[in-house]
Amino acid sequence: MEIIKEEEKNLPLIVDMKMKMFQEVGSAALLQDNVEELIQHTYASLYREDKCCHFIAYDEDGQEVACGGAVIKEDVPFSFFKTPCYGYVIDVYCVPEKRRNGYASKIMEAILNWFEEKGVHNIKMKPSGAGRMMYEKMGFHDSGEMEKWI
């Protein structure tokens with residue numbers, strides 16, 4: 001297993017894995033028509049600002065099998081705090097046939113290290129049901145945040 005911090009030039013691979021994740025969780029129908037272009041453009045901009053990164057896990061045959069990303073966000077009300085930002089974990093996905101082999105855990109370790117290097121102290125995410133147990137083992141807990149779609 002090898003975990004690589006990817007560069008902007010590899011965003012098409014990351015976008016492809018993100019789309020597989022959206023399809024698997026059943027939210028692809030909610031996406032805009034040009035979503036792949038939009039994702040790539042948004043991530044490229046964030047990469048250039050050094051506010052986003054992605055890691056990809058490669059198996060022993062050199063095949064990409066998992067990915068995960070990190071974004072530094074600076075929105076209200078966090079922008080008023082002494083640490084005016086928080087981290088958000090995105091795009092954690094592992095191909096089904098390679099799950100339960102530690103790929104996502106290793107990617108999460110790399111993401112947490114990246115956040116720490118950036119001085120980010122608070123990290124949020126919206127986990128899938130399948131990943132919740134792994135995140136809890138890593139020290140994540142339910143923050144009690146509420147939401148409503150209208």
Side-chain angles (χ1 to χ4, degrees), residues 1-59 62-81 83-99 103-135 138 140 142-150:
M1 172 189 323
E2 185 176 23
I3 308 295
I4 303 275
K5 181 177 178 241
E6 293 296 345
E7 298 177 13
E8 183 180 335
K9 67 181 180 181
N10 291 328
L11 281 174
L13 172 60
I14 291 159
V15 171
D16 182 59
M17 293 184 92
K18 182 178 184 76
M19 295 307 297
K20 288 177 183 171
M21 177 189 67
F22 279 137
Q23 291 166 355
E24 188 173 313
V25 298
S27 61
L30 300 172
L31 303 172
Q32 296 181 36
D33 291 337
N34 64 337
V35 71
E36 292 180 45
E37 179 182 315
L38 182 61
I39 293 167
Q40 186 155 332
H41 175 76
T42 302
Y43 284 177
S45 177
L46 289 167
Y47 269 48
R48 289 184 207 122
E49 295 173 27
D50 201 26
K51 292 184 180 178
C52 181
C53 74
H54 283 85
F55 295 88
I56 293 189
Y58 293 86
D59 68 9
Q63 293 297 308
E64 56 275 341
V65 295
C67 71
V71 177
I72 296 174
K73 294 187 167 200
E74 302 167 311
D75 54 18
V76 174
F78 299 93
S79 58
F80 305 130
F81 289 38
T83 302
C85 64
Y86 62 96
Y88 203 86
V89 176
I90 58 172
D91 306 336
V92 178
Y93 176 76
C94 186
V95 297
E97 61 274 12
K98 294 289 186 169
R99 292 181 183 159
Y103 293 108
S105 295
K106 290 293 186 193
I107 284 175
M108 283 300 300
E109 287 175 19
I111 288 169
L112 295 175
N113 288 336
W114 186 81
F115 280 136
E116 190 173 348
E117 291 168 8
K118 297 291 183 188
V120 174
H121 302 292
N122 182 259
I123 302 165
K124 301 174 178 284
M125 70 169 64
K126 196 167 265 200
S128 68
R132 184 172 289 275
M133 188 182 307
M134 176 189 71
Y135 301 125
M138 299 183 101
F140 285 87
D142 191 333
S143 67
E145 192 170 277
M146 297 175 73
E147 73 175 23
K148 178 180 178 173
W149 287 64
I150 56 172

Contacts of type side chain to side chain contact (heavy atoms under 4.5 Å, CB included), residue [X], not counting sequence neighbours:
X	result
P96	E24, Y93, R99
I3	M1, F55, A57, K106, I107, A110
K9	E7
V25	S27

To check you understand the geometry: which heavy-atom pair defines the closest contact between [X] and [Y], and what is its length?
X	Y	answer
V120	C85	CG2-SG, 4.2 Å
M138	S105	CE-O, 3.8 Å
V65	M17	C-CE, 3.7 Å

Exercise. Counting only heavy atoms not in E145, do more than 12 fall under 6.0 Å of its CD?
Worked result: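 No - once you tally the heavy atoms of other residues, nucleotides and ligands closer than 6.0 Å, there are 12 at most.
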
Problem set entry | Sequence neighbours excluded, every pair satisfying salt bridge (charged side-chain N to carboxylate O under 4.0 Å, His left out) that has a member inside residues 11-20 |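 Sorted pair list: D16-K20, K18-D91.
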
Exercise. Tell me, which pairs form a side chain to side chain donor-acceptor pair (under 3.5 Å) where one or both residues lie in residues 107-124, sequence neighbours left out?
Worked result: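 Pairs touching residues 107-124 that pass the test: D50-K118.
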
Exercise. Tell me, which pairs form a side chain to side chain donor-acceptor pair (under 3.5 Å) where one or both residues lie in residues 29-38, sequence neighbours left out?
Worked result: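 Qualifying pairs: none.
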
Distance from [X] atom [atom1] to [Y] atom [atom2], nearest 0.5 Å?
X	Y	atom1	atom2	answer
D59	K98	CG	NZ	4.0 Å
L31	L38	CG	CG	10.0 Å
S143	I123	OG	CD1	13.0 Å
M21	I90	CE	CD1	8.5 Å

Evaluate the side-chain proximity of [Y] to [X]: yes if any heavy-atom separation is below 4.5 Å, no if none is.
X	Y	value
Y103	V95	no
N10	I56	no
V92	M125	no
K126	Y88	yes

For this session: Output all residues satisfying side chain to side chain donor-acceptor pair (under 3.5 Å) with E8, sequence neighbours left out; order by chain, then residue number.
Result: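 Listed in chain order: R48.
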
For this session: List for me each residue that meets side chain to side chain donor-acceptor pair (under 3.5 Å) alongside E64, sequence neighbours excluded, and say none if there are none.
Result: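 Residues passing side chain to side chain donor-acceptor pair (under 3.5 Å) with E64: none at all.
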
Problem set entry | Residues that R132 engages under salt bridge (charged side-chain N to carboxylate O under 4.0 Å, His left out), provided they are two or more places apart |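 In terms of salt bridge (charged side-chain N to carboxylate O under 4.0 Å, His left out), with neighbours along the sequence ignored, R132 is linked to no residue.
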
For a quick test of your reading: what N or O donor-acceptor pairs under 3.5 Å do the side chains of residues 68-80 make, sequence neighbours left out?
residue, atom, partner, partner atom, Å
E74, OE1, K51, NZ, 2.7
D75, OD1, Y86, OH, 3.4
D75, OD2, Y86, OH, 3.0

Problem set entry | Pairs where residues 22-49 contributes a residue and the test ring pair (Phe, Tyr, Trp, His ring centres under 6.0 Å) is met, not counting sequence neighbours |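 Found Y43-H54, Y47-H54.
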
